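Encoded as C-alpha cells, the structure appears first; notes follow it.
Quick note on labels: first sequence line is chain A, next is B, and so on, each numbered from 1. All values derive from a computational prediction rather than experimental measurement.
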Amino acid sequence: MPSLRLQQLRPRLLEPVSLTLAAGALGFVSGPSGAGKSLLLRAIADLDPNDGEVFLGDQARSSVAAPDWRRRVGLLPAESGWWAETVAPHFARRSAGAERTHGPVDEDARHRQRPRQQDQELDALLRRFGFEADVLDWTVLRLSTGERQRLALARLLWLHPQALLLDEATANLDPANRSAVEAVVEDYRRRRGAAVLWASHDPEQRARLGDVAWVIREHRLVPEEGP
Amino acid sequence: MSLIPLGPFDLTLAAGLVLLLAGLSWRLHLGVERRILVAAARSTVQLILLGLVLKVLFETTDPWLIALLALVMLSVAGWEVMARQTRRFRGPWGYGIGASSMFLSSFSITVLALTVIIGVEPWYQPQYLIPLLGMLLGNTMSGIAIALDGLTRQAAEGRGRIEARLLLGASWSEAIADIRRDALRSGLIPIVNAMASAGIVSLPGMMTGQILAGSPPMEAAKYQLLIMFLIAAGTGLGSVAAIWAGSRRLFDDRHRLRLDRLASGRGAA
C-alpha cells in the first residue's frame, strides 16, 4: 500500500498544507469545530474545489480520474449519505481491482443465483461491526445514527481503499462499538498497510491509538506536542 | 358551416358577465373583484394586440418580422422557465439552459411539422408557424420548468446522498441518475395525462376553437392529434436536453457536486 502525501494542498479555511503519512501510519487531526478538519479531508478526496496536489505513493491525484481517486482514498464523512431504501444496494459496488481477483467464472454465476449470501467476506466484515448478514435487508430509515455510522465505514472498507480518511468516525458510538470500530480500523491499517488520516476531537482516542497528530491553530495545520 | 364574425356588441355582452361576476365578488366580500377586472382588462389588451400583430404579419409574410416575433416568444418563455425555479443556476446558465433546450425542441419540431408533415408553402407562413410555435413553447415551457426545478431542488436537498455515491467511486452521472430520472418523469407527466384524458374529460382548446371557427370536427380532431403528438415529442426532447445540460452543470470536471453554481433558495436570499 502506498503512502499519502499532501503537497501545498489548499482547502478552504486553511493555509497550504504539506504532510506525508507513511503507508500503514495513523495520523490524527484535531482542532475546534469549524476549524476546517472536514474541509481538509474533503479536499484530499477532491470533493471540494481546491489547489495543490496529493500523492498516493508516486501517483499524483491529477493524473487519476476523480472517481478512481475517491475509491482509493476512501473518505468517511461525519454524516453518511444513503441513496437506496434498503442497506444492500449500498454494498453493490466493488473496486475494479477487487473484482478482477475475485475468482473463477462459475463462482460469479453462483453469486448471481444467491446474491444475498454471496460473499463470506462481506458477512465477516459486517459481523466485525456487530451486524448479522440480514442487516442488508434492513431499511435505511430504521437505522440509528450509530448503526449508520458503522455501516458507512463497512461499505467503505468493502471497496478496499488504499488510504482512509475518517471524519469523526466514532462520534456517535457507545464505548463497545467505538472499540469495535477502532479495532477494525487498526486491523485494516496493519494488515493492508493503509495510511489513515483521522479527524477526531477525542484526545483520549488520539492518546490511545495515535502515531502522529496535527492540530489546526489559526488556519494552520501544525504538529501537536506530545502530552 | 362558416365563421360567424363577432361584433363589438357580442363581446360587450360577454364582458358584462365578467362585470357581473366582479359585482358578485364585491357583494359577497370575496375581495377578488379588483383582480378579476385587471385580469380581464389585461387579456383584452394582450389578445387584441396579438390579433393586430398577427394581422399585419399575415399580410406581409416578411421572414424577418416572423423571426422577430418567434424570438420574442422564445425569450419570454425562457424568462418564464427561469422565474419558476426555486434554485436557479447562477449567471447566464439560469436563463440559458431552459431557453436553449426550448429553442432546440420547439423550433426543430415546429420546422419539422411545417415542412414535412403539414407541408406549408413557404414553410414560415405565419398563419401556421405562429400558432404551432405558441402551442409548443407554452407546453414545453411548463415541462422543462417542472423538470429543471425538480432536478435542482432535489440535488440541493440530496447533497448527502449524491456525495456518498461520489465518495464510493461513482461518476457524476451515476451519482445523479435517480434524481435525474425522477425530475424527467415529473416533467413529462402533465402532457401524458393531457393525452390520456383528451376528448373524454376535456375538449382541448385548439379543437374547440377550430370547431367554433367552422372546421369540420374530423379535421379539427386530426389537427388536435397532430398538435398533441408534437407537444409530447417537444416536451420530451426539451426536458431531456434541459435535464442533461442541467445535471452536467451541477458537476465539474473532477466530478464534484457544485451546489455553489445554484443561487440560494427564494426564502433564504
Identified side chain to side chain contact (heavy atoms under 4.5 Å, CB included) partner of Leu167(B) from the options Leu159(A), Leu75(A), Val73(A): Leu75(A)

Take atom CG of Asp174(A) as the centre, draw a 6.0 Å sphere, and report whether it contains more than 12 heavy atoms from other residues, nucleotides or ligands. yes

Under 4.5 Å from any heavy atom of chain B, what part of Asp68(A) do you find: side chain, backbone, both or neither? neither

Region of Arg72(A) that comes under 4.5 Å of a non-hydrogen atom in chain B: neither

Taking atom OH of Tyr128(B) as the centre, report whether more than 12 heavy atoms of other residues, nucleotides or ligands fall under 6.0 Å from it. no

What is the distance from atom CG of Asp46(A) to atom CG of Asp252(B), rounded to the nearest 0.5 Å? 8.0 Å

How close do His90(A) and Leu168(B) get, counting heavy atoms only, and between which atoms? O-CD1, 4.4 Å

If we define contacts as heavy-atom pairs under 4.5 Å, which of Arg159(B), Arg256(B), Arg161(B), Arg258(B) has the most with chain A? Arg256(B)

Just wondering, more than 12 heavy atoms not from Glu79(A) lying within 6.0 Å of its CD? no

Would you say CH2 of Trp138(A) has more than 12 non-hydrogen atoms from neighbouring residues, nucleotides or ligands within 6.0 angstrom? yes

Is Val64(A) close to chain B through its backbone or its side chain, or both, or neither, when contacts mean heavy atoms under 4.5 Å? backbone

Where do Arg155(A) and Ala164(B) come nearest, in terms of heavy atoms and distance? NH2-CB, 3.6 Å

Would you say CG of Asp253(B) has more than 12 non-hydrogen atoms from neighbouring residues, nucleotides or ligands within 6.0 angstrom? no

More than 12 heavy atoms of other residues, nucleotides or ligands under 6.0 Å from CZ of Arg248(B): yes or no? yes

Under 4.5 Å from any heavy atom of chain B - which part of Pro161(A): neither

Member of Glu163(B), His255(B), Arg254(B) meeting the side chain to side chain contact (heavy atoms under 4.5 Å, CB included) criterion with Leu47(A): Glu163(B)

Do you know which of Pro67(A), Ala152(A), Ser62(A), Ala66(A) has the most heavy-atom pairs under 4.5 Å to chain B? Pro67(A)

Whether over 12 other heavy atoms sit under 6.0 Å from Glu186(A) CD: yes

